[in-house]
Amino acid sequence: MEIGSYAGNILHVDLTKNEVKKEPITPELVKAFIGGLGLSVKLAYEHIKPRTEPLSPENTIIIGAGPLVGTIAPGSSRIYAVAKFPINNAIAWAGAGGMTFGGMLKNAGYDNVVIKGRASKPVYLKIFDDDVEICDAGELWGRGIEETSEQLWAKFGWPAGIITIGQAGENLVKFAMSFVDNASTLGRGGFGAVMGSKNLKAIIVKGTKGVRVSHPRKFMKLVDGLFQRIKRWEHLDEWHEFGFWLGLPVVPKEMYYELNKRRLSCIGCPIGDKDVVEIKKGKYKGLTKVTTTAINAVTPSLLGLSVEDSIKCTGTLDDYGMDMFEFFAVLNFVNELYGHGMITAEYMESKIPFNLESLEKWAGKIANREGFGDILAEGLPGIINKFGRESQRFAPPMSKGLSVYSGPTGPLLWDRFGTMELTQLVNPRGAHVAAGGSPTYYAIRPLEKFPTHLDRMGVPESAVERILPQPRDWQWGLKFGLVSREDKAGLNVGRLTRYSEDWLSVLGSLGVCARAQINRFYYANLLAELYSAATGIQIGREELMKAGERVWNLLKAANVREGFTRKDDSFSERWLEEKSQFVEYTGKVKISLEIADKFLDDYYEERGWDVERGIPTREKLLELGLEDAAEEIARAGI
Amino acid sequence: MAGKIIEIETHPSKCVGCLLCQLICSFNYEKMFNPSKSRILIERSDNGFKINFADECTLCGLCVQFCVYNALEAKR
């Protein structure tokens, strides 16, 4: 049966056996898991056996592009990857603005790619329609992200989509990322190292088959409506002019103007927030860099570097293919250990200075695992392992082995405890903000605005009064001062986070970008209509949201199977108490461990999970049709 | 806007490579979203993108309507 807007096939690649084969998708599979993130999670659950070593040939990479990817639904280019990550042994998702990759994958005739095994020598995977080939990558091995991408484009031409690793991935650095089209990042928990462990330098994809929708007229009517709203948006011109700077103006406007060379976009995106920046003065005059946003490129300036040195530094880190946030977390950690006499001169002669020369030197040592860089390449858990449990109290705040990067002490400074903060703890993949991408980040939106937003996110009406409880209905909120009797309502971040994750799950499974500038134009009803028109599978808002919930529960179940429980979602005392700046969303009280634990309780309860253990109940898994996961967890006695 | 389009003027410096033009063009003429079947051709260049048109272009102007970055302008 042909289903509209799906390519219709899963591509299986076994790098050990040098084999490729196609498997058709089925209506049952896509009805339950939609595609993109959801189908990737489902395939990961099947293909990654419990306790698989993340850097072994048995670990499996699944990459997916949802049903709306490749169509003209605005901002539908998102790709997702799922694998077991080496930083924390979690079955983890990674998402990226797909640039051309997702659209080309669909055009080549595939919704998902499943890659297992290990090639006997460095290879890249070439997917050009039915021509799928595992090619020798000897010439590319050892090269950075940019050079690898450019060489592949020189050989095969743009708009081929490219996922590649740099030296950090090749050398199994546990916070190595992959890059999409030299612009977007994929997987801060070591997805790049998983590719490296398979001797897989890159994946290049190009297709000519096209993406057809089932009900073109209806589909285009919905798309036209979206474009009309986008064109009318009062901030559209500003976004085109300033990009992500508008959301995070970390450098003066004049400086942004000076740096910005031009903007790049993923396929089908009317916002286009990738930047190409150029250093206009000084030693590095003329150096250009493609970046996921100009703001990322200048983030090290918050640590005292000049803007020019920041761009040079992030360029180096990106080219090696390693996560900037984790790089700085690791350096801060060892400096602190050194300061406390816990690292001796055998490893470090002095604290690592945060200047460009030193940072580039250490980036190289880590990416190539030279000297002490070999230990740093293991990430925060590896350093704790090396220097003993007592070193842990000096570790930066972290969750599941990754540093939390928003909060009062993170690079993304923010003192409010919202969904983007809580999700860094409960997210099965470890610290990452996107699944909490509810409205809490850029502005403290008034609570009166929430009901409309919740409706847009597909939150059922019955849950709204739990998320925005009246004081009389929120006893613990009253007790701890999160709400007063005079307030109309409070905000229960724990309960909201569940729906924020489900919303990401739906967007990710369809392929719609989760960034606020795009997802603000979408709402659950519209997505259900778009999906129905595109695929010919009639689905309503509730069913769509249920699929999102199913995906997130299966992801959690995959990690429960690995042994993750509530203890792994626990709060870092240091994160909450350092500088004593974390305050509740409405700013009333400081967040204590006790309050944070209450939010956790409510998060699990809203998910319908076992609150004490922080895992899905058998009843919840059965309700979602996840019988296999329920049985497996029961059999394992978890 | 009334009047027949006589030319589509391009402003490559404004092009971000989103391919919305190619998506809508291929959909209109080939009934599928397929950049390789489009009559407007976006190519990556050293300093951004180049915009060209295939001989089959009918100057229907759909690409102009969908270019939200103002890289295409209809002359009537």
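This structure is a prediction, so every number in the text was calculated from the model and none was measured.
A:H240 is not listed as a side-chain neighbour of B:V16, based on a closest heavy-atom distance of 4.5 Å or more.
Contacts of A:R263 with chain B are made by both backbone and side-chain atoms, with heavy-atom separations under 4.5 Å. Interface residue A:E150: only side-chain heavy atoms are found under 4.5 Å from chain B. For chain A, the nearby parts of B:N47 are the backbone and the side chain; heavy atoms of each come within less than 4.5 Å.
Among residues 268-277 of chain A, the residues having any heavy atom closer than 4.5 Å to a heavy atom of chain B are, in sequence order, A:G268, A:C269, A:P270, A:I271, A:G272. At a heavy-atom separation below 4.5 angstrom, chain A is approached by B:G17, B:C18, B:L19, B:L20, B:L23, B:I24 within residues 17-26 of chain B.
Using cut-offs of 30° and 60° for the angle between ring planes, the B:F49 and A:W158 rings count as tilted.
Among pairs with a residue in residues 226-245 of chain A, none fulfils salt bridge (charged side-chain N to carboxylate O under 4.0 Å, His left out), at least two apart in sequence or across chains.
Nearest heavy-atom pair across B:P35 and A:M104 is CG-CE, 4.1 Å. The nearest pair of heavy atoms linking B:F33 to A:G70 is CB-O, 3.2 Å. Between A:R212 and B:E30, the closest heavy-atom pair is NH1-O, 4.2 Å.
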Report all side-chain donor-acceptor pairs from residues 216-224 of chain A shorter than 3.5 Å, counting only partners two or more places apart or in another chain.
| unit_1 | atom_1 | unit_2 | atom_2 | d |
| --- | --- | --- | --- | --- |
| A:K218 | NZ | A:E529 | OE1 | 3.1 |

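For the atom pair CD1 of A:I72 and CZ of B:F27, the computed distance is 8.5 Å after rounding to the nearest 0.5 Å.
Interface summary for chain B: among A:T100, A:L264, A:T288, the most heavy-atom pairs under 4.5 angstrom belong to A:L264.
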